[in-house]
Amino acid sequence: METYTILVVDDEKKITKLIEIYLISDGYRVLKAHTGSQALKLLQEETVHLAILDLIIPEIDGLELCREIRKTMDIPIIMLSARDSDLDKIIGLSSGADDFMSKPFNPLELSARVKSQMRRYTQLNPHGVASAVSPMLELRGLCINKENHRVTLHGEEIKLTPIEFDILYLLASQPGRVFSTDEIFKNVWNAEVYEANNTVMVHIRRLRNKLKEDTRTDKIISTVWGVGYKIGED
């Protein structure tokens, strides 16, 4: 059985140690960094499957580090912050994070979220051991291949994070059906609803940007106000 490696980045050594204890008990290998520069070095030297980033860290802050990771990697990213504002969550998710937790946090909840993200990543990542074979979905110029986590729009490849892919696949799997934010959260995050509206909204917005919805007259993802989101049939 493959051992997955998780990078924990926080300038508070007590926090990285606490997280390390719980993750090791779950069978993960843990790398720790206390500055953004240390984290980038480890990412270059090691194979990392998931990153936990504090928002405020020395040298390179968590937001910039998240953006740097997203330039070359689609690994899950969980952002931590001592500030519990909707704006911080939106900024963190918009920078490329897949999940956001406020400090102080319950280590057991963090552990559960890591497991959820890793399940999704290994199922969708073409190099993951649990990659599942599923038929390709094709509609509205989209080709969505769940086996290799590849999406094209009118022949142009669209790079998506695992969360973005899951949302798109869910909506495209049942064209015409409206999914509420709670339904999307439960299906994609595989967890009970946790501030679903803001979280789903930010990921939908990122997904629309990558699909270049702002320049398209034939929008792929439609908002049904007061209900949720859908992908219409051709």
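These numbers come from the heavy atoms of this one structure, side chains and all, not from hydrogens, waters or symmetry mates.
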* To do: Report the C-alpha distance between Leu137 and Ser173 in whole Å, list the side-chain angles of each, state the deciding distance to 0.1 Å, and finish with yes or no for side-chain contact (heavy atoms from CB on, under 4.5 Å).
  => CA-CA 7 Å; Leu137 299 178; Ser173 66; 4.2 Å; yes
* **Test side-chain contact (heavy atoms from CB on, under 4.5 Å) applied to Thr161 and Lys210, step by step** => CA-CA 11 Å; Thr161 66; Lys210 291 185 178 183; 4.2 Å; yes
* Asked: Between Leu7 and Leu42, does a side-chain contact (heavy atoms from CB on, under 4.5 Å) hold up when you go through it step by step?
  -> CA-CA 8 Å; Leu7 174 63; Leu42 285 171; 3.7 Å; yes
* **Working for side-chain contact (heavy atoms from CB on, under 4.5 Å), residues Asn187 and Asp166** => CA-CA 9 Å; Asn187 279 278; Asp166 261 10; over 6 Å; no
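Using a cut-off of 4.0 Å between Lys/Arg side-chain N and Asp/Glu carboxylate O, Lys71 and Glu68 are scored as salt-bridged. Salt-bridge check for Lys159 with Asp74: failed, with every basic side-chain N at 4.0 Å or more from each acidic carboxylate O. A salt bridge links Arg70 with Asp98: the closest approach of a Lys/Arg side-chain nitrogen to an acidic carboxylate oxygen falls below 4.0 angstrom. A salt bridge does not link Glu213 with Arg205: none of the charged nitrogens is closer than 4.0 Å to a carboxylate oxygen.
His49 is not listed as a side-chain neighbour of Ile6, based on a closest heavy-atom distance of 4.5 Å or more. Using a 4.5 Å cut-off on side-chain heavy atoms (C-beta onward), Phe165 and Val151 make contact. Counting heavy atoms from C-beta outward, Leu171 and Arg177 have side chains that stay 4.5 Å or more apart. Here the side chains of Met118 and Val114 are in contact, with some heavy-atom distance below 4.5 Å. Tyr28 is listed as a side-chain neighbour of Lys115, based on a closest heavy-atom distance under 4.5 Å. Leu53 is listed as a side-chain neighbour of Cys66, based on a closest heavy-atom distance under 4.5 Å. Proximity of Pro107 to Ile19: side-chain heavy atoms (C-beta onward) are nowhere separated by under 4.5 Å. The shortest side-chain heavy-atom distance between His34 and Pro58 does not fall under the 4.5 Å cut-off.
For Thr152 and Glu157, the side-chain atoms include no donor-acceptor pair closer than 3.5 Å.
Taking the centre and axis of the six-membered ring of Tyr121, the NZ or CZ atom of Arg119 falls outside the cone set by 45° and 6.0 Å. The cationic group of Lys146 lies under 6.0 Å from the six-membered ring centre of Tyr169 and within 45° of the ring axis, placing it in a cation-pi geometry.
Placement of Ile204 and Val178 in two distinct hydrophobic clusters is found when ILVMFWY residues are connected by side-chain heavy-atom separations under 4.5 Å, directly or transitively. Note: the hydrophobic cluster containing Ile167 also contains Leu170 (ILVMFWY, side chain heavy atoms under 4.5 Å, direct or indirect links). Under the 4.5 Å side-chain heavy-atom criterion for Ile, Leu, Val, Met, Phe, Trp and Tyr, Ile21 and Leu108 are members of distinct hydrophobic clusters. A continuous path of ILVMFWY side-chain contacts below 4.5 Å connects Val9 to Ile56, so both sit in one hydrophobic cluster. Following chains of ILVMFWY side-chain contacts shorter than 4.5 Å, one cannot reach Tyr22 starting from Ile15, and the two form parts of different hydrophobic clusters.
Here the CG atom belonging to Asp99 is positioned 10.0 Å from the CG atom belonging to Leu50, to the nearest 0.5 angstrom. Here the OG-CD distance, from Ser37 to Glu59, works out to 3.5 Å after rounding to the nearest 0.5 Å. Note: Leu65 CG to Ile57 CD1 = 5.0 Å, rounded to the nearest 0.5 Å. Remark: Tyr4 OH to Gln117 CD distance equals 14.0 Å, nearest 0.5 Å. Atom-to-atom distance recorded for Ile158:CD1 and Leu142:CG is 8.0 Å, nearest 0.5 angstrom. For the atom pair Thr199 OG1 and Phe100 CZ, the distance stands at 9.5 Å (nearest 0.5 Å).
Although no hydrogens or angles enter the test, the distance criterion places no donor-acceptor pair under 3.5 Å between the side chain of Arg140 and the main chain of Leu153. Not a single donor-acceptor pair under 3.5 Å links the side chain of Glu46 to the backbone N or O of Leu43. In this structure, Ser94 contributes its side chain and Ile90 its backbone to a donor-acceptor pair below 3.5 Å. The backbone N or O of Leu63 sits less than 3.5 Å from a side-chain atom of Asp61, completing a donor-acceptor pair.
Pairs passing the side chain to side chain donor-acceptor pair (under 3.5 Å) check and including a residue from residues 6-16, sequence neighbours excluded, read Asp10-Lys103.
Residues that satisfy the side-chain contact (heavy atoms from CB on, under 4.5 Å) test with Thr223, not counting sequence neighbours, are Arg208, Trp225, Tyr229. When the side-chain contact (heavy atoms from CB on, under 4.5 Å) test is applied to Glu20, the partners found at least two apart in sequence or on another chain are Lys17, Ile24, Val30, Lys32.
Between Arg67 and Ser95, the closest heavy-atom pair is CG-O, 3.8 Å. Closest of all the heavy-atom pairs between Leu139 and Pro175 is CD1-CB, 3.7 Å. The two residues Arg29 and Thr3 make their nearest non-hydrogen contact at N-CG2, 3.8 Å. Considering all non-hydrogen atoms of both residues, Ile69 and Ala51 come closest at CD1-CB, 4.4 Å.
Under a cut-off of 6.0 angstrom, the local environment of NZ in Lys219 is crowded, with over 12 non-hydrogen atoms contributed by other residues, nucleotides or ligands.
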